[in-house]
**Student:** 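If you scroll down you'll find the structure; I have some questions about it.
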Amino acid sequence: MPSVPAGLRTPVWLALLASTALLLPLPGRAAPKKASCPPPAAGRHVVLERGWRGQGADQQPLARLRQEHWTVDGRIEGTVFERRGQAFRQFRTTGTVRPIGPCRVRLERTTPEAGPGSRYEAEAVLDAAGRPRYSLSQAAGSTLTGIWRHQGDAACTDSTLTGTVLSQQQGLSWDGAWRPNAVVQRETWTEGAVQGVALSSYAGEIEAASYSGTIEVNADCLATVVQRDSQGVPYNYRAIVMADGSGYLYLQEDPNDLTIGWLERDAGTDPGPGW
């Protein structure tokens with residue numbers, strides 16, 4: 001067999017290095033981290049829910065505000081403001097919350113005064129602190145999403161809401177059928193009284209209106225808001241004030257208008273608690 005010229009022979013040290021490299025483990029792809037959240041956070045939470053219930057001619061808009069207290073052993077107690085079509089009601093709920101997977105929980109609620117058939121289920125996702133952030137209803141015939149915020153334990157007063165708040169929301173008006181509208185607002189609160197301006201769009205027709213009003217706030221942060229525009233037309237809302245003064249959630253009671261939304265503190269001019 002012909003010999004390999006010495007100048008072309010692989011050095012012994014390089015051959016040993018190559019053979020050793022073959023024995024080394026290849027770098028592997030790191031396994032993806034599984035989602036991990038702490039148990040559902042006990043305390044108060046507020047929820048803004050909106051969507052539709054029913055099908056076809058029976059379909060109605062559905063909107064709710066909830067304030068709930070979760071206990072460490074998974075019990076729920078809360079109050080609900082609800083609009084179903086043109087009808088408004090307020091009721092209490094009880095129930096349970098339990099984990100069903102990484103950062104997911106199932107909510108099972110009942111309305112004691114409603115009797116049999118008042119059980120509702122929903123699923124929610126948790127943030128890294130174990131607080132609920134978004135939810136979907138599992139009630140048959142409904143399509144309902146929920147947006148959650150943590151509510152502090154402090155009591156509320158008429159002066160909790162102080163300073164300027166802003167909002168944008170889409171609502172509905174009734175004239176034999178539900179028609180969409182959109183509204184942006186800017187209002188300033190002082191000791192339970194408000195001055196504001198609203199810009200409304202109805203199929204591209206923009207209307208501007210100034211208004212004033214008052215709020216009555218219970219210690220549990222549930223509230224009633226009454227406002228009148230420059231023409232003297234009254235508007236009635238139920239609300240949940242954020243205990244840290246960062247804003248409030250509202251649901252309209254007037255049968256022919258359905259708006260639900262979140263007015264948040266203008267951080268640029270009113271840097272207050274919670275920002």
Side-chain angles (χ1 to χ4, degrees), residues 41-50 63-70 76-83 88-93 127 129 131-135 146-171 183-198 211-229 234-254 257-275:
R44 283 200 301 180
H45 306 284
V46 296
V47 196
L48 184 156
E49 296 179 325
R50 55 187 164 194
R64 296 188 183 117
L65 294 182
R66 297 180 182 270
Q67 180 168 261
E68 297 185 336
H69 182 260
W70 292 10
I76 298 174
E77 293 185 355
T79 298
V80 183
F81 300 138
E82 180 187 85
R83 277 289 301 273
F88 172 85
R89 65 172 180 153
Q90 175 181 343
F91 55 93
R92 299 278 300 171
T93 60
D127 65 13
R131 295 172 176 173
R133 291 298 302 274
Y134 303 102
S135 61
I147 300 173
W148 295 65
R149 286 182 177 267
H150 175 68
Q151 174 74 300
D153 294 329
C156 290
T157 68
D158 289 353
S159 61
T160 299
L161 190 62
T162 299
T164 299
V165 292
L166 307 170
S167 80
Q168 65 81 26
Q169 52 85 21
Q170 294 184 345
V183 181
V184 296
Q185 293 168 268
R186 186 183 192 277
E187 54 187 44
T188 300
W189 288 89
T190 305
E191 297 296 329
V194 67
Q195 296 286 333
V197 61
Y211 58 89
S212 61
T214 58
I215 188 169
E216 294 184 4
V217 185
N218 299 330
D220 61 5
C221 300
L222 304 182
T224 300
V225 179
V226 179
Q227 298 175 342
R228 291 182 181 273
D229 65 17
Y235 299 89
N236 301 280
Y237 305 89
R238 302 305 295 272
I240 302 174
V241 175
M242 301 306 294
D244 62 2
S246 60
Y248 71 100
L249 298 89
Y250 64 93
L251 175 64
Q252 191 165 8
E253 292 185 76
D254 305 302
D257 291 291
L258 196 167
T259 59
I260 184 171
W262 158 245
L263 284 116
E264 59 183 337
R265 182 189 295 274
D266 180 359
T269 58
D270 298 294
W275 293 95

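No hydrogens, no waters, no symmetry mates; every other heavy atom, side chains included, goes into these values. Position 1 is the first residue of the sequence, and the numbers go up from there.
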**Student:** With Arg66, which residues qualify under side-chain hydrogen bond (donor to acceptor under 3.5 Å, both in side chains), at least two apart?
**Tutor:**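 Scan of Arg66 (side-chain hydrogen bond (donor to acceptor under 3.5 Å, both in side chains), adjacent residues dropped) gives Glu49.
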**Student:** Locate the shortest heavy-atom distance separating Trp70 from Pro132; write the atom from each residue and the value.
**Tutor:**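 What the structure gives for the nearest pair is CH2-CG, 3.6 Å.
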**Student:** State, yes or no, whether a side-chain contact exists between Glu253 and Phe81 at a heavy-atom distance under 4.5 Å.
**Tutor:**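 No - every pair of side-chain heavy atoms lies 4.5 Å or more apart.
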**Student:** Can you tell if the side chain of Gln169 reaches within under 4.5 Å of the side chain of Ile260, non-hydrogen atoms only?
**Tutor:** no
**Student:** Could you tell me whether the side chain of Arg64 and the main chain of Leu251 form a donor-acceptor pair under 3.5 Å?
**Tutor:**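 No, the answer is negative, given that no donor and acceptor are paired below the 3.5 Å cut-off.
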**Student:** For Tyr211, run the side-chain hydrogen bond (donor to acceptor under 3.5 Å, both in side chains) check against Gln185, Gln195, Arg228 and tell me which one passes.
**Tutor:** Gln185
**Student:** Nearest 0.5 Å, please: how far is CG in Asp158 from OG1 in Thr190?
**Tutor:** 12.5 Å
**Student:** How many angstroms lie between atom CZ of Arg133 and atom NE2 of His45, to the nearest 0.5 angstrom?
**Tutor:** 12.0 Å
**Student:** Would a 4.5 Å heavy-atom cut-off, applied to side chains only, mark Trp148 and Val46 as touching?
**Tutor:** no
**Student:** How close do Val183 and Ala198 get, heavy atom to heavy atom, and via which atoms?
**Tutor:** CG1-CB, 4.2 Å
**Student:** According to side-chain hydrogen bond (donor to acceptor under 3.5 Å, both in side chains), who are the partners of Thr224, at least two apart in sequence or on a separate chain?
**Tutor:**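 Residues passing side-chain hydrogen bond (donor to acceptor under 3.5 Å, both in side chains) with Thr224: Arg238.
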**Student:** Checking the side chain of Glu187 only, and the main-chain atoms of Ser212 only, is there a donor and an acceptor separated by less than 3.5 Å?
**Tutor:** no
**Student:** Using 0.5 Å steps for rounding, measure from the OH atom of Tyr237 to the CG atom of Asp257.
**Tutor:**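 Going from OH on Tyr237 over to CG on Asp257, the span is 8.0 Å.
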**Student:** Given side-chain contact (heavy atoms from CB on, under 4.5 Å), test His69 with Arg44 step by step and report yes or no.
**Tutor:** CA-CA 4 Å; His69 182 260; Arg44 283 200 301 180; 4.1 Å; yes
**Student:** Taking the side chain as every heavy atom from C-beta outward, state whether Thr160 and Tyr248 have any atom pair closer than 4.5 Å.
**Tutor:** no
**Student:** Could you state the interatomic distance from CD1 (Ile147) to CG (Leu48), rounded to the nearest 0.5 Å?
**Tutor:** 6.0 Å
**Student:** I need the Leu65 CG to Ile240 CD1 distance, nearest 0.5 Å.
**Tutor:** 5.0 Å
**Student:** State the OG1-CD distance between Thr259 and Gln252, to the nearest 0.5 angstrom.
**Tutor:**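 Rounded to the nearest 0.5 Å, the OG1-CD separation comes out at 4.0 Å.
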**Student:** For residues Gly152 and Ala243, report the shortest heavy-atom separation together with the two atoms involved.
**Tutor:** O-CB, 4.0 Å
**Student:** Under 4.5 Å between any side-chain heavy atoms of Phe91 and Glu82, yes or no?
**Tutor:** yes
**Student:** What's the verdict on side-chain contact (heavy atoms from CB on, under 4.5 Å) for Gln151 and Met242, showing C-alpha distance, side-chain angles and the deciding distance?
**Tutor:** CA-CA 6 Å; Gln151 174 74 300; Met242 301 306 294; 3.7 Å; yes
**Student:** Search all heavy atoms of Val165 against all heavy atoms of Gly247 and return the closest pair with its distance.
**Tutor:** CG1-CA, 4.4 Å
**Student:** Can you check whether Thr162's main-chain N or O pairs, donor with acceptor, with Arg265's side chain at less than 3.5 Å?
**Tutor:** yes
**Student:** Tabulate below the donor-acceptor pairs under 3.5 Å that side-chain atoms of residues 213-223 make, not counting sequence neighbours, or state none.
**Tutor:**
{"residue": "Asp220", "atom": "OD1", "partner": "Leu222", "partner atom": "N", "Å": "3.1"}

**Student:** Report yes if the side chains of Val184 and Gln168 come closer than 4.5 Å at any heavy-atom pair, otherwise no.
**Tutor:** yes
